[in-house]
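Let me begin by presenting the structure, written as C-alpha cells, before commenting on it.
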Amino acid sequence: MSRFWSELVHGLSPYVPGEQPQIPGLVKLNTNESPFGPSPKAIEAIRAAAADTLRLYPDPQATRLREVLAAYHKVSPEQVFVGNGSDEVLAHTFAALLKQAAPLLFPDVTYSFYPVYCRLLGIDYATVPLDAEMRVRIDDYVDRPGPVIVANPNAPTGIALSRAEIARLAAAHSDVAVVIDEAYVDFGAETAIPLISEHPNLLVVQTMSKSRALAGLRVGYAIGAAGLIEGLTRVKDSFNSYPLGRPAQAGAIASIEDDAYFQQARSVIVKNRADLTAALARLGFEVLPSSANFVFVRHPDHSGQALATALRQRAVLVRHFTAPRIADYLRITIGSETELARLTDALREVLAQNG
Ligand code: PMP
C-alpha cells in the first residue's frame, strides 16, 4: 500500500495467474500451456525478425497478420482485431462493448479474469449459475437483458456449447454484444466464427497461446463485424498503438501458415486427453467431459487441496481453485504422454497412501 496510489488502485483485486516456479524436473500441468514447442517455422520467423529492423516501430495495425488471420478464418481483415494475448483483447472488449445499462452476464464458474476487468473498468455484472452438471444453460440467459461473455469451451470445466446454442444466445441478445472467449476451441469445440456474418453483435476471441504453443509470444485476436472491431481499435489506439512487436507479428503469421504442424499437435493433445480421462476414471476420479486442453476432475474421497499439495510434493503442478463450487476439483493440463504418466504414477501413490 502506498499513499501515492490513485483511488482506483485501492479497489482492485487483481487476477492471480498460475505459478511459473523453477523446480527441477517439474511436471507443469497448471497453466494450460502446450507440452510441444511452437511450429519450427514460427521460431524461424521470430529469429529472422531479431534484426536491425527492431529499431523501427512495428506496423500498428498488424496489417499482414490480420490479412493472414482473415484468410484462415474466411472473413475480411476489417473483421479482425489483434492484441497482446487474448487477455489484452478481452480487456479492450470489456471497455469497448461490455459496459452497458444492464449488467454484464457471465457464468458463476468461468475464467476468473472477467470480474477483475469489471472492477478495473467499473462495469456492473451479474453471474448466472452453471447447472448441476456444471454446464452453461443458454435458457438461463435468453430472457435477461445485458451483454454476455461466455468462454466456450468454458474454463475451468472444459465443457463446450454447440454452435447452434451460441447462435440462440446471440439472437436472444441482439441489441447488445455477445462475446465468446474461444481460448480452447481448437481442442474439440465448434467455433462461432461462421455466425458473425448473421450476428453483428457477436464477437469471437481466440488466442495463439494454447493450440499454437505461443503463450510466451503474447498474441490473441478477435473476430466480429467491422463495427465491433472498430470499437476495439478505438480503445486500443487510446491505450497502446503498438501492442504487438515485430517478432510477435512475424511468429504469429508463420504459425498460422504452418497448418500441418498445428493439426498434428492438437490431434496429439486430443488423444492424450482421452487416455488421461480413462486413466483418471480407473483411479476413481469423476472427469467432466472436456473439449479443452485440460480436464476438470474430482475424487470422491480426497479434497482438491490435499491432492494438489501432495502432487506438488512430487514435483507435479496442477491448478486448484478455492472458489466454493469448485474447491473439490483439480484442473489438469493435457501434457505429453511422459508428463501424464508421471502424473498418474504420482496420483496412484498418493491415493494408496491416503486411501
Ligand atoms: N481466456 C481464457 C478462458 C483463458 O483461460 C486464458 C488463459 N489464462 C485466456 C483467455 C488468456 O490467454 P492469453 O492472454 O494467453 O491469450
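Note that ligands are numbered from 1 as they come in the structure, with each ligand's atoms numbered from 1 the same way. Everything numeric here is computed off the predicted structure, so don't read it as measured data. FYI, the numbering just counts along the sequence from 1.
Sorted by first and then second residue, the salt bridge (charged side-chain N to carboxylate O under 4.0 Å, His left out) pairs involving residues 293-312 (not counting sequence neighbours) are E19-R312, E286-R298.
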Give the C-alpha distance, both sets of side-chain angles, the deciding distance and a yes or no for ring pair (Phe, Tyr, Trp, His ring centres under 6.0 Å) between Y111 and F106.
CA-CA 10 Å; Y111 187 28; F106 52 81; over 10 Å; no
Criterion side chain to side chain contact (heavy atoms under 4.5 Å, CB included) on N201 and V176, from CA distance to verdict
CA-CA 6 Å; N201 60 326; V176 280; 5.8 Å; no
Derivation and outcome, side chain to side chain contact (heavy atoms under 4.5 Å, CB included), residues Y221 and M208
CA-CA 8 Å; Y221 56 94; M208 304 191 76; 4.1 Å; yes
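Close approach of ligand 1 to R218 (heavy-atom distance below 4.0 Å) involves ligand atoms 13 (P), 14 (O), 15 (O). Close approach to G85 involves these atoms of ligand 1, each under 4.0 Å from a residue heavy atom: 14 (O), 16 (O). Interface of S209 with ligand 1, defined as ligand atoms under 4.0 Å from a residue heavy atom, comprises 13 (P), 15 (O), 16 (O). Those atoms of ligand 1 that come under 4.0 Å of a heavy atom in K210, given as number and element, are 7 (C), 8 (N).
Under 3.5 Å, the side chains of Q61 and T63 contain no donor-acceptor pair of N or O atoms.
The aromatic ring centroids of F294 and Y184 lie less than 6.0 Å from each other.
At a 4.0 Å heavy-atom cut-off, ligand 1 does not touch M208 at all. Residue-level proximity to ligand 1 for D87 is carried by backbone and side chain together, each with a heavy atom below 4.0 angstrom.
A salt bridge does not link K41 with E257: every distance from a Lys NZ or Arg NE/NH1/NH2 to an Asp or Glu carboxylate oxygen is 4.0 Å or more.
Inclusion of Y114 in the set of residues having an N or O under 3.5 Å from an N or O of ligand 1 is not warranted.
When the options Y111, Y221, F113 are ranked by their closest heavy atom to atom 8 (N) of ligand 1, first place goes to Y111.
At the shortest separation from atom 12 (O) of ligand 1 among protein heavy atoms lies S86 OG, 3.3 Å. For atom 1 (N) of ligand 1, the nearest protein heavy atom (residue, atom name, distance) is D181 OD2, 2.7 Å.
Cation-pi geometry between R212 and Y72 is met: the NZ or CZ atom falls under 6.0 Å from the ring centre, inside 45° of the normal.
Using a non-hydrogen distance threshold of 4.0 Å, Y184 registers as a contact of ligand 1. In this structure, E88 has no heavy atom closer than 4.0 Å to ligand 1.
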